[in-house]
Amino acid sequence: MLSKELEETLNEAFRGAKVKRHEFMTVEHLLLALLDNNDAVRVLKSCGADIGGLRADLIEFIDSTTPLLSGDDNTETQPTLGFQRVLQRAVFHVQSSGKHEVTGANLIVAIFSEQESQA
């Protein structure tokens, strides 16, 4: 269902959040990871996005707003409801269009429907 590249993108997003000891994996984490996904970057560039500027803004926002896990806390980083909704929306859209694979481009489209997100 998910393209191989998208699976790698999602794994990298989780790894990045875990390394920084972020309590939550947010839509902003997802968008940041998608900046290294070829399908997503192609869509963003076609819309005139400044990838470098977007990356810098997302890193600053994530680092300044995401709660951190304490050093002795063994809790895993958890995806937010918004993160889960974006993934579900992309999967539903792909299924309803008769396609069989979700790509980074599908997630970019799904992010636009997320109302309460800085992304």
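Because only heavy atoms are used, hydrogens play no part in the values below, and waters and symmetry mates are left out as well, while side chains stay in.
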For E76, does its backbone N or O pair with a side-chain atom of Q78 as donor and acceptor, under 3.5 Å?
yes

Atom pair CG/CG of L107 and L30 - distance to nearest 0.5 Å
5.5 Å

Could you state the interatomic distance from NZ (K18) to CE (M25), rounded to the nearest 0.5 Å?
12.5 Å

Where the side chain of T9 meets the backbone of A33, is there a donor-acceptor pair that is under 3.5 Å apart?
no

Minimum heavy-atom separation for T80 and V27, please, with both atom names.
OG1-N, 4.3 Å

Could you check whether any side-chain heavy atom of L44 comes within less than 4.5 Å of a side-chain heavy atom of L35, counting everything from C-beta outward?
yes

What is the distance from atom CG of L10 to atom CG of L2, rounded to the nearest 0.5 Å?
6.5 Å

Check E114 against G82 and note the closest heavy-atom contact, atom names and distance.
OE2-CA, 3.5 Å

Can you tell me how far the CE atom of M1 sits from the CG atom of L87, to the nearest 0.5 Å?
12.5 Å

Using only atom types and a distance under 3.5 Å, with no angle test, would you say the side chain of T66 pairs donor to acceptor with the backbone of D63?
no

Separation of L32 CG from E12 CD (nearest 0.5 Å)
9.5 Å

Shared hydrophobic cluster, I108 / L54 (ILVMFWY, side-chain heavy atoms < 4.5 Å)
yes

Hydrophobic clustering (ILVMFWY, side-chain heavy atoms < 4.5 Å, transitive) - are L6 and V91 grouped together?
yes

Taking the side chain from N106 and the backbone from T103, do they hold a donor-acceptor pair closer than 3.5 Å?
yes

So which atom in H22 and which in I62 form the shortest heavy-atom distance, rounded to 0.1 Å?
CE1-CG2, 3.3 Å

Got a second to check how far R85's CZ is from I111's CD1, nearest 0.5 Å?
12.5 Å

Going hydrophobic residue to hydrophobic residue with side-chain gaps under 4.5 angstrom, can you get from F112 over to F83?
yes

Residues in side chain to side chain donor-acceptor pair (under 3.5 Å) with T26, at least two apart?
E28, H29

Do you know the tightest heavy-atom contact between D39 and E5?
OD2-OE1, 3.8 Å

Contact summary for A105 and V43, nearest pair of heavy atoms:
CB-CG2, 3.6 Å

Between E7 and K4 (salt bridge meaning N to carboxylate O under 4.0 Å), is one present in this structure?
no

Is it true that F14 and V86 fall in one hydrophobic cluster, defined by side-chain heavy atoms closer than 4.5 Å?
yes

Nearest non-hydrogen partners of T75 and L69, listed with the distance
O-CD1, 3.2 Å

